[in-house]
Amino acid sequence: MSVVAPPATGLFITFEGIDGAGKSTHITALADALRHQGYAVTVTREPGGTPLAEELRACLLHTGMDALTEALLMFAARRDHLVRVIEPALLAGGVVLCDRFTDATFAYQGHGRGFDLGILRTLEGWVQTTPSGWRQPDMTLWFDVPPAVAAARLAGARAPDKFESEPQAFFERVAAGYAQRAQEAPQRIVRIDAALDVPAVWQQVQDACRQRGWLP
Ligand SMILES: Nc1ncnc2c1ncn2[C@@H]1O[C@H](COP(=O)(O)OP(=O)(O)O)[C@@H](O)[C@H]1O
Ligand SMILES: Cc1cn([C@H]2C[C@H](O)[C@@H](COP(=O)(O)OP(=O)(O)O)O2)c(=O)[nH]c1=O
């Protein structure tokens with residue numbers, strides 16, 4: 001299949017899934033593959049991606065707080081990131097690969113913590129409305145993996161942060177939250193079977209891009 005140029009409004013692709021699902025591993029590989037095709041690619045992450053949002057990330061990952069505070073700080077970091085980094089890159093016609101976005105807030109704060117989904121929907125509407133309109137990812141790759149598999153991958157791989165220290169039951173709820181989001185937005189959210197080995201997962205990531213004409 002021939003490769004189509006990204007639309008003039010750019011291409012926004014997000015990576016989602018529980019901790020240890022394999023997002024970071026594949027975001028690098030996809031960035032390399034897209035750059036090879038001549039795309040201008042920005043790789044970024046949430047919470048984070050700007051100096052202010054990285055400061056908020058440090059608080060969010062290491063300081064205890066109530067669920068509303070956590071949700072508001074996630075969306076505050078997202079707004080700064082969207083306005084300063086994501087929108088300018090997309091409006092310049094580039095590709096933005098973002099490690100997590102609003103689906104993570106629904107999964108972690110909504111389903112993991114049990115925070116009100118209606119309030120999250122309101123915040124999503126406010127935060128993702130920019131001068132150029134409503135911004136949603138063009139495609140979201142959801143790395144679906146059983147929490148026990150993800151935990152085994154992370155054991156010993158790195159020191160756990162606040163979220164990674166949560167019990168498996170928390171990640172079961174987060175995983176169910178992602179499944180619900182995927183059901184609500186089947187056109188946007190592509191399920192990747194992330195329990196398979198790295199080559200098999202990478203194949204699925206490439207297939208999702210090929211089906212949309214973004215990779216040959
Ligand atoms: N498909 C896979 N099979 C086995 N191990 C994997 C796979 N994908 C990633 N890993 C390993 O699991 C750990 C977590 O992967 P990472 O990409 O950092 O996940 P995430 O960014 O989703 O938290 C890393 O040590 C990585 O090398
Ligand atoms: C974006 C986002 C992340 N998170 C959590 C999920 C992760 O455990 C944590 C940091 O995400 P991440 O960058 O994936 O962590 P790491 O690089 O250590 O894998 O923040 C939320 O709870 N809500 C959100 O909206």
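Please read all numbers here as calculations on a predicted model, not as lab measurements. Order of listing sets the numbers, starting from 1, for every ligand and every atom in it.
In this structure, the side chain of Y39 engages the main chain of W214 through a donor-acceptor pair within 3.5 Å. Side-chain atoms of K162 come within 3.5 Å of backbone N or O of L60 as a donor-acceptor pair.
In terms of polar-atom proximity, defined here as any N/O pair under 3.5 Å, R100 does make such a contact with ligand 2. For R78, a nitrogen or oxygen atom sits less than 3.5 Å from a nitrogen or oxygen atom of ligand 2, counting backbone and side chain alike. The shortest N or O to N or O distance between L154 and ligand 1 is not under 3.5 Å. For ligand 1, the polar-atom distance check finds no N/O of H26 at less than 3.5 Å from any of the ligand's N/O atoms. Taking only nitrogen or oxygen atoms, main chain and side chain alike, D19 reaches within less than 3.5 Å of ligand 2. Between A21 and ligand 1, at least one N/O pair is under 3.5 Å apart.
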Pair T130-S132, side-chain hydrogen bond (donor to acceptor under 3.5 Å, both in side chains): steps then yes or no: CA-CA 5 Å; T130 72; S132 46; 3.1 Å; yes
So E87 and R79, salt bridge (charged side-chain N to carboxylate O under 4.0 Å, His left out) or not? Walk me through it. CA-CA 10 Å; E87 281 295 317; R79 178 69 185 179; over 6 Å; no
Do T140 and R188 pass the side-chain hydrogen bond (donor to acceptor under 3.5 Å, both in side chains) test, and can you show the C-alpha distance, the side-chain angles, and the key distance before you say yes or no? CA-CA 6 Å; T140 296; R188 172 174 66 85; 2.7 Å; yes
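Which parts of ligand 2 touch D161 is read off a 4.0 Å heavy-atom cut-off, strictly below it: atoms 18 (O). Atom numbering of ligand 1 starts at 1 in the shown order; those under 4.0 Å from a heavy atom of V198 are 1 (N), 2 (C), 7 (C), 8 (N).
With distances taken over non-hydrogen atoms, the option nearest atom 16 (P) of ligand 1 out of L196, T25, I27, T28 is T25. Considering Q109, E164, R57 only, the shortest heavy-atom separation from atom 17 (O) of ligand 2 involves R57.
Of the protein's non-hydrogen atoms, the one nearest atom 4 (N) of ligand 2 is M74 CE, 3.5 Å. Annotation: atom 3 (N) of ligand 1 to nearest protein heavy atom, R153 NH2, 3.4 Å. Among all non-hydrogen protein atoms, the one lying nearest atom 19 (O) of ligand 2 is R158 NH2, 3.0 Å. For atom 23 (O) of ligand 1, the closest non-hydrogen atom on the protein side is G20 N, 2.9 Å. For atom 21 (O) of ligand 1, the closest non-hydrogen atom of the protein is S24 OG, 2.5 Å. Ranking protein heavy atoms by distance to atom 19 (O) of ligand 1, first place goes to G22 N, 3.1 Å. Looking from atom 18 (O) of ligand 1 to the surrounding protein, the closest heavy atom is R158 NH1, 3.3 Å. Counting protein heavy atoms only, atom 25 (O) of ligand 1 is closest to A157 CB, 4.3 Å. In terms of protein heavy atoms, atom 22 (O) of ligand 1 is closest to K23 NZ, 2.7 Å. Among protein heavy atoms, the minimum distance from atom 9 (C) of ligand 2 is reached at F163 CD1, 3.8 Å. Remark: minimum distance from atom 10 (C) of ligand 2 to any protein heavy atom is reached at L61 CD1, 3.9 Å.
Applying side chain to side chain contact (heavy atoms under 4.5 Å, CB included) to L11 and the options V41, L34, V95 leaves one that passes, V95.
Salt bridge annotation for D19-R100: present, with a cationic side-chain nitrogen under 4.0 angstrom from a carboxylate oxygen. One finds no salt bridge joining R135 and E124 here, because no Lys/Arg side-chain nitrogen approaches an Asp/Glu carboxylate oxygen to under 4.0 Å.
At least one test fails for R173 against the ring of F170: distance under 6.0 Å to the centre or angle within 45° of the axis.
Aromatic ring centres of Y178 and H111: separated by at least 6.0 Å.
Within the 4.0 Å heavy-atom shell around ligand 2 one does not find K162.
In this structure, a donor-acceptor pair under 3.5 Å is present between the side chains of Q206 and R210.
With values rounded to the nearest 0.5 angstrom, L73 atom CG is found 7.0 Å from C59 atom SG. To the nearest 0.5 Å, the span separating CZ on R212 from CE on M139 amounts to 5.0 Å.
Looking at T105 against ligand 2, both its backbone and its side chain come within 4.0 Å, counting heavy atoms. Residue-level proximity to ligand 2 for P47 is carried by backbone and side chain together, each with a heavy atom below 4.0 angstrom. Residue contacts with ligand 2 for L60 are absent, since no atom lies close enough (heavy atoms, distance under 4.0 Å).
Here the closest heavy-atom approach between residue L61 and residue F163 is recorded as CD1-CE1, 4.0 Å. The two residues E16 and T102 have their closest heavy-atom pair at OE2-N, 4.2 Å.
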